[in-house]
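One structure is given here, and the rest of the page talks about it.
Start at 1 and go down the list; that is how both ligands and their atoms are numbered. The basis for the numbers below is simple: all heavy atoms, side chains too, and nothing from hydrogens, waters or symmetry mates. Only a predicted model underlies this, so the values are computations on that prediction, with no experimental measurement involved.
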Amino acid sequence: MTDFAATRALFHLPEGVIYLDGNSLGPLPLVAEARVRQVLREQWGDQLIRAWNDSNWMALPARVGDRIARLVGAPPASVVTGDTLSIKVFQALAAALALAPPDRRVVLSDSGNFPSDLYIADGLLTALGGRELKVVAPEGVADAIDEGVAVTMLTEVDYRTGRLHDMAALTARAHAAGAVTVWDLAHSAGAIPVHLEQANADFAVGCTYKYLNGGPGSPAFIYVAPRHADHAQPILSGWLGHAEPFAFERAYRPAPGIERMRVGTPPIVALSILNAALDAWDGVDMAELRAAAIRLSETFIREVERRCATLTLASPRDPHARGSQVSFRHDHAYSVMQALIARGVIGDVRAPDILRFGFTPLYLSDAEVVQAATILADVIDTRAYEAPEFQQRAAVT
Ligand SMILES: *Cc1c(COP(=O)(O)O)cnc(C)c1O
């Protein structure tokens with residue numbers, strides 16, 4: 001059994017704070033501080049450039065990738081880390097398009113996808129020319145998969161509502177129509193059990209600063225199904241994806257396997273923090289994590305709904321139809337969240353009217369969830385959110 005009291009002890013959680021925003025930025029794993037000091041002093045400081053070999057820095061992107069692979073149902077040597085998620089979306093989509101039948105013109109996505117994914121697709125398709133991005137409602141995706149679709153580019157869990165796509169079913173449908181799949185796991189990795197290999201997914205990408213607690217701007221990851229890995233086209237053909245970077249050949253030759261999805265020099269300090277953060281997942285069973293997260297989110301919905309009639313659930317009511325977040329709508333969502341944060345309950349908002357809360361059993365207890373619901377109800381009942389200090393918008397919501 002996963003010991004969630006033990007995992008909670010691995011994090012720095014400020015006194016007086018109930019943290020319901022680990023879906024946006026996970027908290028600091030305590031081990032990260034010592035690890036960073038060690039990397040800075042013993043590796044960079046004392047080993048200097050020798051650390052690329054002596055501390056095996058060059059292998060870190062793939063080693064960390066292997067640790068993430070276990071959490072997303074991927075085999076060893078199928079995941080590599082680096083860059084940001086937006087960049088990994090670009091790479092995956094370009095590689096998927098290169099594998100799709102050449103006469104297909106459509107990249108299919110949905111309106112619940114995160115804007116950066118859609119913007120990146122716009123940019124890539126503009127550069128390539130001759131193709132279009134088709135964006136349908138999330139409920140319409142299955143029916144929109146037809147023989148004109150080259151690639152489906154979908155985010156499994158909707159960042160606003162938490163709505164969960166059926167990855168296995170949509171992948172099967174895409175394959176039956178001859179399309180290639182790209183899955184974004186930004187709100188899945190570390191949140192729900194993911195079975196990339198079992199679902200037969202082609203490409204997947206994700207970030208590590210959300211549920212994986214890798215720290216602000218921590219490196220992203222990309223998965224390429226082993227059946228594609230030796231011929232997937234690395235559009236960002238940087239030297240560290242070359243078969244022999246230190247041969248310094250004029251011609252680019254992609255490395256075999258997943259290594260070709262590397263681009264340039266890896267961010268070793270950030271990767272070391274992520275590597276340390278992944279220690280918290282070592283004994284965690286993803287099915288048990290999911291069961292605990294569902295219990296927390298169901299408690300929250302029940303406790304909020306019996307206290308606040310003015311909040312409407314924006315997430316699917318069926319816990320199996322949503323990821324690990326719960327959203328409510330309120331006309332003054334921004335001010336309500338500011339008032340809530342002032343009382344130590346941290347969630348976030350997504351324009352125009354979504355209050356968003358993430359449920360992370362690694363460090364969140366049932367008692368905290370009940371308390372958060374009580375405080376939210378009080379903020380709304382007393383109209384505390386109407387105070388002038390809660391009306392001022394910050395740059396980051
Ligand atoms: C968080 C998130 C991003 C952010 O991309 P970055 O390049 O890391 O800033 C992109 N796509 C989705 C679906 C996300 O949830």
Is it true that Glu244 and Arg253 make a salt bridge, defined as a side-chain N closer than 4.0 Å to a carboxylate O?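 Salt bridge present between Glu244 and Arg253.
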
Any carboxylate oxygen within less than 4.0 angstrom of a Lys/Arg side-chain nitrogen, looking at Arg262 and Glu259?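 Answer for the salt bridge query: yes.
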
In one Ile/Leu/Val/Met/Phe/Trp/Tyr side-chain cluster, 4.5 Å: Leu97, Ile87: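 Yes, one cluster joins them.
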
Please work out whether the ring planes of Phe246 and Phe248 are parallel, tilted or perpendicular, with thresholds of 30° and 60°.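 It falls in the perpendicular class, over 60°.
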
Relative to the ring of Tyr159, is the ring of Phe114 parallel (under 30°), tilted (30 to 60°) or perpendicular (over 60°)?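 Phe114 and Tyr159: perpendicular rings.
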
Which protein heavy atom lies closest to atom 1 (C) of ligand 1, and at what distance to 0.1 Å?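 Sorting protein heavy atoms by distance from atom 1 (C) of ligand 1 puts Lys210 NZ, 1.6 Å first.
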
Please report which non-hydrogen protein atom sits nearest to atom 6 (P) of ligand 1, along with the residue it belongs to and the distance in Å to one decimal place.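 Answer, as residue, atom name and distance: Tyr209 OH, 3.5 Å.
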
For [X], counting its heavy atoms only, list the atoms of ligand 1 lying under 4.0 Å from any of them.
X: Asp184; value: 11 (N), 12 (C), 13 (C)
X: Ala186; value: 12 (C), 13 (C), 14 (C), 15 (O)
X: Thr155; value: 13 (C)

Check whether the ring centres of Phe390 and His332 lie less than 6.0 Å apart, and answer yes or no.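 So the answer is no for these two rings.
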
Please verify whether a non-hydrogen atom of Lys88 lies at under 4.0 Å from ligand 1.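 Not so, Lys88 does not reach ligand 1.
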
So, regarding Asp117 and ligand 1 (criterion: nitrogen or oxygen to nitrogen or oxygen, under 3.5 Å), is there a contact or not?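 So ligand 1 has an N or O lying under 3.5 Å from an N or O of Asp117.
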
Please determine if His187 has a nitrogen or oxygen closer than 3.5 Å to a nitrogen or oxygen of ligand 1.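 Checking ligand 1 against His187, an N or O pair does fall under 3.5 Å apart.
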
